[in-house]
Amino acid sequence: MDQRRVRILKPGKEKKGIIAYWMSRDQRADDNWALLFAQKMSLASHVPLVVIFCLVPHFLEATARQYLFMLKGLQEVETALATHNILFFLLTGSPEKTIPTFVKRFDVSFLVTDFDPLRIKQAWEKNVGEKISIPFREVDAHNVVPCWIASPKQEYGAHTLRPKIRRLLPEFLTPFPKLQKHPYSFRTQAQRNNWNQIFNGLTVDNTVPEVTWIKPGEAAAKKVLLDFLRSTLAGYGRLRNDPTRDGQSHLSPYLHFGQLSAQRVTLEVIRSNVSPAAEEAFLEELIVRRELADNFCFYNSSYDAFKGFPRWSQTTLNDHRKDSRVYSYTLKELENAQTHDDLWNAAQREMTVKGKMHGYVRMYWAKKILEWAETPEQALSVAIYLNDKYELDGRDPNGYAGIAWSIGGVHDRPWKEREIFGKIRYMNYRGMKSKFNVSGYIKKVIENK
DNA sequence: ATCGGCTCGCGCAA
DNA sequence: TGCGCGAAGCCGAT
C-alpha cells in the first residue's frame, strides 16, 4: 500500500499489544485501505487485530432512516470480519471517551482510523490523540487519490483539481489486496453484539422512516454496482441529468457510508470496457467531483457557513440583502412541500419519501431556497437541515459542497447580476422545462416510481 | 437551434 | 502583465 495514504496523527514507537482499527467513515470489510493497513501492521508485529465502531447517539441529528441503513451495514461487517478472525466491537458513546478507554482496557498498542474531512471527525481525532499514548494513524480509505496528496490547499474549482488528480491517478489506482484470515486470535470475554437490542434501543428521530427501495450493506452495494455497469453506465453521460429517466448510479448512499469503495467502482468501470465518453462522464462525477467536495471541507472549516463562500460571492450576496423577497415560506411549509412551485415541491417530496433527490434537481431546489429565504444564512441552514434530515447520504461533504455551490457560488464563477442572487448563478423553472419533462418528473414523484 | 455576453480570478506563459 | 478559460445557466438576438 502507498504510504502516502497514511497520515501520522500521533507519532511514537509501538509497544506490545493488539492493534485496533477505529472504523468510522469506511464501513466495509472489503477494499478498505485503513483495515488493510491495520492488518499489515498486526501481521508484522504478530498480534491480534480488532475493529471498533463508535455508535454516537444523535450523531448530527441523524434519523432512523440513516441509522438503520448504517447499522444493518455494520451487522454485515461484523460477520465478514468474524470469518477473517477479526473481532468487531460496537461501542456506544462519544469516541473521545470510548476509544481511549478501550485502548487502555485492552492494551492496544497501535491505533488506526479512516479519513473524514468533516469538523466533528477531525476534532474527535485530535481529542482521542491527546488522551492516548500510543501511535495513531489516519488512512484515506475513501478517496482514490488521498485528499492531502491531491492538493495541499483549497481548490477553486474542478478545473484546478482535475489535472492534479489525473496526474496522480495512475499511482493510486491500484488493485486491492485481499483481507487475510488473521492468524492471531484475540481472547476476550467480550460477547457478540446483540443487534436487535441495538436496533430497539435507538433513541433517534423515528419520524423519518427507513426506505425499502435500496438495501443496505456491502453485498447489496456490489449488486447495485453490477446492475449499474450492465444497464446504466453506457447511457450515463446522456441521461444522468434527466430526472425522468433512471440514468444515475444510485451508489451514493453506499459510498457515503463506505459500504462500497470508490476505488473499487473505478476499477470495475474501467474493466467493463464501456465507451470512453461514458467512462469519462462517470469518473468525472465519481472521482473529480467527490474528491473536490472532500477538498472543500478539509481545507475550509466553514464549509457549511456563509463565511466559507468565496469573497466575490459574499460581497454580491451582501449587496442584495435588502432586495425584497417575492415569496417567503416557513420551515414547516418547505418541509411539507407546500410552496407555489410544483417542481420544487416534487423535488422536496422525492427527498422525504425516497431519501434521495435527483442530482440535477438538487441545484434548482437549493437555489430556490436562496430566492425565498430572508437571508443567505437562513437559506444555507434550511437547505442543510432538510438535506441532512431526509437524504440517505446526508452529512456528506458532497452535500455541503453541493449546497455551497448552489447558494454560495463555491467552485463556480460569477454571472449576470440580478435581484437577491446578485452574481450567483441563477436557475429557473423555464430553464428546467427546456432541459427535461418537468410534468413527467412531477408525475413520477407523485406515483412514487 | 445556436451563439455571445454576463463577470471573477487562477494559473500559466511570457 | 496578459490572457484563456472555467460544474451543471440565463437571456436576448439571430
Side-chain angles (χ1 to χ4, degrees), chain A residues 150-168 235-245 247-249 252 277-297 299-300 303 308-320 323 326 341 343-344 347 350 356-371 383 387 396-438 441:
Chain A
S151 169
K153 57 169 189 159
Q154 186 185 339
E155 292 294 332
Y156 288 85
H159 63 107
T160 58
L161 183 63
R162 193 179 297 112
K164 298 179 180 178
I165 296 225
R166 242 172 238 249
R167 200 169 50 239
L168 290 163
Y236 184 80
R238 204 162 34 90
L239 300 179
R240 77 192 156 92
N241 279 347
D242 185 343
T244 65
R245 307 291 296 267
Q248 295 187 302
S249 72
S252 67
E279 178 182 309
E280 194 183 319
F282 181 66
L283 294 186
E284 169 73 16
E285 305 297 315
L286 179 75
I287 303 177
V288 177
R289 202 189 117 189
R290 277 184 55 261
E291 305 207 357
L292 181 63
D294 262 35
N295 170 280
F296 173 58
C297 293
Y299 292 112
N300 186 337
Y303 53 78
F309 295 169
R311 177 123 341 136
W312 67 265
S313 149
Q314 294 191 39
T315 305
T316 194
L317 287 169
N318 281 333
D319 288 345
H320 290 270
D323 294 358
V326 178
D341 179 334
L343 170 56
W344 194 93
E350 180 178 40
K356 198 163 179 294
M357 189 191 303
H358 191 280
Y360 191 70
V361 186
R362 274 197 209 191
M363 299 183 281
Y364 176 82
W365 173 86
K367 284 184 181 291
K368 287 292 136 180
I369 295 177
L370 171 62
E371 189 175 334
N387 182 73
D396 191 279
N398 274 321
Y400 297 118
I403 289 170
W405 179 87
S406 300
I407 295 176
V410 169
H411 302 146
D412 203 7
R413 59 176 150 152
W415 299 87
K416 195 172 129 100
E417 193 165 9
R418 65 178 64 236
E419 294 281 284
I420 303 174
F421 285 81
K423 293 169 184 172
I424 301 292
R425 183 195 298 256
Y426 180 63
M427 288 175 91
N428 66 2
Y429 200 101
R430 202 178 79 166
M432 292 294 109
K433 265 172 55 175
S434 74
K435 293 266 160 45
F436 63 91
N437 177 357
V438 169
Y441 169 68

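Computed from a prediction, not measured in an experiment: that's the story for all the values here. Below, chain A is the first sequence line, B the second, and so on; all start at residue 1.
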Using atom P in both nucleotides, what's the gap between dG9(B) and dC10(C) to the nearest angstrom?
24 Å

Got Arg162(A) and Glu284(A) here, is their nearest side-chain heavy-atom distance under 4.5 Å?
yes

Between Glu417(A) (CD) and dC6(B) (C1'), how many Å, whole number?
11 Å

Atom CD of Glu155(A) to atom P of dG9(B): distance rounded to whole Å?
17 Å

Ring-plane angle category for Tyr360(A) and Phe436(A), please: parallel below 30°, perpendicular beyond 60°, tilted otherwise.
perpendicular

According to the Watson-Crick and G-U wobble definition with distances under 3.5 Å, which dot-bracket string, read 5' to 3', encodes DNA chain B, using [ ] for crossing pairs and | for pairs with another strand?
||||||.||||||.

d(CZ, Arg311(A); C1', dT7(B)) in whole Å:
17 Å

Students should find that the nucleotides of DNA chain C closing off the region near chain A, any atom under 4.0 angstrom from a heavy atom, are dG6(C) to dC11(C)

Separation between the P atoms of dA7(C) and dT2(B), rounded to whole Å:
23 Å

Output the distance between atom CG (Asp319(A)) and atom NZ (Lys423(A)), rounded to the nearest 0.5 Å.
7.5 Å

Rounded to the nearest 0.5 Å, the CG atom of Leu317(A) sits from the CD1 atom of Ile424(A) at a distance of 4.5 Å

Report yes if some heavy atom in the side chain of Asn387(A) is under 4.5 Å from a heavy atom in the side chain of Tyr400(A); otherwise report no.
no

